[in-house]
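Predicted model only: the values in this text are computed from it and were never measured.
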Amino acid sequence: MSIQITFPDGAVKDCPAGITGLEIADGISSGLRRNAVAITVNGEQWDLTRAIEGDAQIAIITRDTDEGLEVLRHDAAHIMAEAVQELYPGTQVTIGPAIEDGFYYDFAREEAFTPEDLEKIEARMREIVKRNEAIEREVWQRDEAITFFKNMGEDYKAEIIADLPAEETITLYRQGDFIDLCRGPHLPSTGILRDGFKLTKLAGAYWRGDSNNAQLQRIYGTAWSDKKQLKAYLKRLEEAEKRDHRRIGKQQSLFHLQDEAPGSVFWHPKGWALYQTVQAYMAEKQYERGYQEIKTPQLVDFSLWEKSGHADKFGDDMFSLTSDDRQYAIKPMNCPCHVQVFNQGLKSYRDLPLRLAEFGSCHRNEMSGALHGIMRVRSFVQDDGHTFCTEEQIQSEVSEFIDFLHEVYQDFGFEEIIYKLSTRPEKRVGSDDVWDRSEKALADALDSKGLDWDLQPGEGAFYGPKIEFSLRDCIGRVWQCGTMQMDFSMPERLGAEYVAEDGSKQVPVMLHRAILGSMERFLGILIEQYAGALPAWLAPQQVMVATIVTEANDYASDVAKALRNAGFRAETDLRNEKIGYKVREHSLQKIPAILCIGKREAEEGTVAVRRFGSKAQTVMPLEEFIEHFSNEVEQKQVFETAEASA
RNA sequence: GCCUGCAUAGCUCAGUAGGUAGAGCAACUGACUUGUAAUCAGUAGGUCGUUGGUUCGAUUCCGACUGCAGGCUCCA
């Protein structure tokens with residue numbers, strides 16, 4: 001009996017029933033067979049060794065594609081589990097998926113793995129690859145599979161199988177003496193993984209991601225189609241780490257952190273200049289967009305936090321103190337204070353939407369393990385804003401906000417934004433009807449702008465759904481920056497009302513929003529985005545005037561004064577050092593413009609301009625430089641040279 | 001908070017199989033007045049994160065604490 005196989009290019013071929021992906025690939029070319037790792041059969045990923053019994057639309061998955069890499073990585077996880085069980089009998093396997101750039105596997109074992117163990121495991125993995133064990137798919141009965149794993153002492157596996165949906169086919173994959181529950185697909189044999197993998201780190205991870213459960217030991221690895229790709233990846237990682245904001249913060253003396261104030265930033269002059277530039281920019285933009293800036297207290301009586309509900313939900317994360325028998329908390333967020341401002345005086349529907357903004361300093365006692373450089377701190381400033389509006393105004397407010405956020409991110413040079421919509425959690429306030437409408441309002445706002453977003457069901461706040469806007473750091477970690485949250489709870493709890501058209505008192509909807517998120521986190525991301533080479537409008541030091549001879553000192557000081565009068569952050573370097581030394585130092589500091597001043601310049605009233613990222617010097621009258629540079633700053637231009645990001 | 005690791009001069013890092021530590025850069029002093037990514041010479045700088053224990057002796061071995069890093073959980 002023959003079947004019809006349809007290829008990706010539309011070609012149809014008659015093949016004997018029971019043909020495998022491997023045979024199909026072989027029939028096309030030996031190169032394809034060599035690079036094949038799996039096959040798509042009617043939209044489903046299959047093993048290459050699985051027999052195709054009916055007409056099918058197929059596509060061979062090769063090792064250098066995203067899908068192929070996922071198969072390789074998944075296999076790497078299995079091979080690692082096999083290696084671990086060979087080396088450390090009695091270790092239970094749990095789950096081991098492919099992830100971005102690699103894979104991991106979670107193990108349950110009394111004794112802790114050490115970094116030396118990783119080397120041993122990796123060496124054993126290479127042996128298993130060399131053994132080239134056939135990987136075979138087996139379909140099992142659920143009960144048999146559960147009993148089988150229980151008898152092996154693999155309780156976690158048995159639990160996973162027991163929890164699988166009833167209609168799911170239970171497939172086990174066998175390679176050598178190792179057998180694991182898996183949906184597949186897998187490589188025909190272990191040898192096909194080759195040598196483009198490496199174990200990278202050890203970590204703890206909770207069973208099923210729940211901190212109430214047992215903690216397992218997770219081993220991470222990275223895997224690529226070949227060794228060259230692996231090396232390129234490791235190199236990329238190494239390069240990316242040079243952009244780390246903690247490293248650059250130290251190199252450029254932007255800020256520091258120290259033991260006595262964990263999770264709080266000491267901003268140095270240069271870092272603070274950057275901070276203030278960003279804040280001033282945001283203040284101006286917010287004013288343009290109809291926000292009114294306010295400032296609310298740091299220390300607020302605990303009763304307000306009880307009323308707002310934060311004491312309940314946030315309790316342990318709040319810093320509180322008692323003074324004169326009164327209990328206070330340092331504010332962990334600004335919202336309740338903003339409601340207090342709204343509540344002053346009687347508000348009319350004519351006042352809505354009312355937009356209040358604050359660079360609000362917040363303190364949260366984050367768990368020690370959660371702290372990370374200046375990205376996750378205990379003391380931070382939010383570019384917080386709250387809009388009080390009617391339900392009808394939500395849609396347009398959200399839509400305008402997204403435009404605002406895009407304008408800001410674009411000015412800062414961020415192109416990749418990750419959008420997530422978090423919807424109703426199990427524990428929540430407000431009727432389903434209101435949730436339906438507001439989730440739809442947020443989704444519509446995203447869709448109407450043609451944005452690609454992920455749904456995070458159940459991840460919303462108890463008081464309303466939210467959109468999260470995230471950016472990536474230098475090694476690809478995702479950090480939430482912007483947010484737009486709806487709140488159906490707090491205005492009512494805190495007694496916010498307005499007089500409606502018909503004279504009745506109504507409770508406004510409250511929208512919590514931030515664009516940068518926190519100044520600290522955003523600046524951290526910004527530093528990594530530019531690897532410390534900030535564009536002229538942001539650079540803490542924009543121009544450095546460096547002298548070649550002492551005779552030029554007076555003129556250099558005049559130049560710096562003129563630059564400052566023109567609104568630039570300009571400094572002089574009058575040290576008795578060679579110009580090469582000064583240029584090197586200021587280039588390493590990634591200052592956008594170095595003006596070298598020697599006898600000639602002093603006599604002619606010119607400046608020799610050397611821009612960051614270029615080795616060329618251009619001599620021009622000071623006025624001309626000021627004009628050029630003003631334009632660049634005005635337009636928030638980003639460096640164009642490739643070297644700028646080096 | 002949990003798991004694994006780490007903590008040596010201002011910075012980047014060596015080092016001691018247990019006998020109180022070293023380099024480069026930076027700093028300071030002097031000379032050099034210099035034309036676009038490091039001028040030369042000299043000086044000074046560390047209770048080896050804190051704290052217990054083992055030991056004749058601990059920066060080194062063991063424990064606790066603090067902080068940091070990478071994950072997990074949580075989150076701007």
(request) Would you mind reading off the distance between A:K615 atom NZ and B:G35 atom C1', rounded to a whole angstrom? (result) 16 Å
(message) My understanding is that only residues two or more places apart in sequence, or in another chain, count here; which of them pass ring-ring contact (aromatic ring centres under 6.0 Å, His included) with A:H78?
(response) A:H74, A:H186
(request) For B:U59 and B:U20, measure between their P atoms and round to the nearest Å. (result) 11 Å
(request) Name all pairs fulfilling the ring-ring contact (aromatic ring centres under 6.0 Å, His included) condition that reach into residues 462-487 of chain A, sequence neighbours left out, sorted by first residue then second. (result) A:H372-A:W479, A:F401-A:F469, A:Y419-A:F469, A:Y463-A:H512
(message) Each nucleotide in nucleotides 68-76 of chain B should get exactly one letter: B, S or -. Can you fill that in based on protein heavy atoms under 4.0 Å?
(response) SSBBBBBBB
(message) Could you tell me how far B:C61 sits from B:C6 if I compare only their P atoms? Round to whole Å.
(response) 10 Å
(request) Using atom CG of A:N553 as one end and atom P of B:U33 as the other, report the distance to the nearest whole Å. (result) 15 Å
(request) Tell me, please, which residues at least two apart from A:E416 pass side-chain contact (heavy atoms from CB on, under 4.5 Å). (result) A:I418, A:R472
Please list, pair by pair, any protein nitrogen or oxygen found under 3.5 Å from a nitrogen or oxygen in nucleotides 38-42 of chain B.
from: B:A38; atom 1: N9; to: A:R584; atom 2: NE; distance (Å): 3.4
from: B:A38; atom 1: N7; to: A:R584; atom 2: NE; distance (Å): 3.3
from: B:A38; atom 1: N7; to: A:R584; atom 2: NH1; distance (Å): 3.2
from: B:A38; atom 1: N7; to: A:R584; atom 2: NH2; distance (Å): 3.2
from: B:A38; atom 1: N6; to: A:R584; atom 2: NH2; distance (Å): 2.4
from: B:A38; atom 1: N1; to: A:R584; atom 2: NH2; distance (Å): 3.1

(request) Output the residues of residues 595-605 of chain A in contact with RNA chain B, where contact means a heavy atom of the residue under 4.0 Å from an atom of the strand; sort by number or write none. (result) A:C596, A:G598, A:K599, A:R600, A:E601
(message) Rounded to whole Å, how long is the line connecting atom CD1 of A:I594 with atom P of B:U36?
(response) 13 Å
(request) For B:A21 versus B:C25, give the span between their P atoms, rounded off to a whole number of Å. (result) 23 Å
(message) Give me the distance, rounded to whole Å, that separates B:G49 from B:A9 when you measure between the C1' atoms they each carry.
(response) 14 Å
Output a table of donor-acceptor pairs, distance under 3.5 Å, between side-chain atoms of residues 257-265 of chain A and any protein atom two or more places apart or on a different chain; print 'none' if there are none.
from: A:Q258; atom 1: OE1; to: A:H256; atom 2: NE2; distance (Å): 2.9
from: A:Q258; atom 1: NE2; to: A:E260; atom 2: OE1; distance (Å): 3.3

(request) Run the salt-bridge test on A:R208 and A:D210 with the 4.0 Å N-O cut-off and return the result as yes or no. (result) no
(message) Under 4.0 Å between a side-chain nitrogen and a carboxylate oxygen: does that hold for A:E407 and A:R289?
(response) yes
(request) Go through RNA chain B and write down every stem, that is, every run of at least three consecutive Watson-Crick or G-U wobble pairs with distances under 3.5 Å, as range with range. (result) B:1-7 with B:66-72, B:10-13 with B:22-25, B:27-31 with B:39-43, B:49-53 with B:61-65
(message) Categorize A:A546 for me: base, sugar-phosphate, or nothing, with a 4.0 angstrom heavy-atom threshold over every strand shown.
(response) nothing
(message) Taking the cut-offs as 6.0 angstrom to the six-membered ring centre and 45 degrees off its axis, would you call A:R236 and A:W224 a cation-pi pair?
(response) yes
(request) Answer with yes or no whether the side chains of A:N365 and A:D317 bring together a donor and an acceptor at under 3.5 Å. (result) no
(request) Could you work out the separation of B:C11 and B:U50 based on their P atoms and round it to a whole Å? (result) 15 Å
(message) Using the C1' atom as the point on both nucleotides, what is the distance between B:A17 and B:G24, in whole Å?
(response) 28 Å
(request) Is it possible for you to check whether A:R109 lies under 6.0 Å from the centre of the six-membered ring of A:F113, through NZ or CZ, and within 45° of that ring's axis? (result) yes
(request) Output yes when a side-chain donor or acceptor of A:K466 lies under 3.5 Å from a complementary backbone atom of A:M486, and no otherwise. (result) no
(request) Measure from NZ or CZ of A:R513 to the centre of the six-membered ring of A:Y291 and say whether it is under 6.0 Å with the direction within 45° of the ring axis. (result) yes
(message) Measure CG/A:L588 against C1'/B:A37 and give the value in whole Å, please.
(response) 7 Å
(message) The criterion is ring-ring contact (aromatic ring centres under 6.0 Å, His included); which residues satisfy it with A:Y220, sequence neighbours excluded?
(response) A:Y104
(message) Holding to side-chain hydrogen bond (donor to acceptor under 3.5 Å, both in side chains), I want the full list of residues that pass it with A:E551, two or more places apart in sequence or in another chain.
(response) none
(message) In whole Å, measure the gap between the C1' atoms of B:C75 and B:G15 for me.
(response) 42 Å
(request) Nearest-nucleotide wise, let me know which of A:T550 and A:T114 is further upstream toward the 5' end of RNA chain B. (result) A:T114
(message) Once ring-ring contact (aromatic ring centres under 6.0 Å, His included) is applied, do any residues pair with A:Y281, and if so which ones, sequence neighbours excluded?
(response) A:F412, A:W537
Detail all sub-3.5 Å separations between protein N/O atoms and N/O atoms belonging to nucleotides 6-13 of chain B.
from: B:U12; atom 1: OP1; to: A:K250; atom 2: NZ; distance (Å): 3.2

(request) Quickly, which of A:Q251, A:K270, A:Q252, A:Q541 forms a side-chain hydrogen bond (donor to acceptor under 3.5 Å, both in side chains) with A:Q589? Name it, please. (result) A:K270
(request) Taking atom types as modelled, find out whether A:D106 and A:Q217 have a side-chain donor-acceptor pair closer than 3.5 angstrom. (result) no
(request) Please confirm whether the backbone N or O of A:C474 pairs with a side-chain atom of A:E528, one donor and one acceptor, at under 3.5 Å? (result) yes
(message) Roughly how many Å apart are B:A27 and B:G45, using the C1' atom of each and rounding to a whole number?
(response) 9 Å
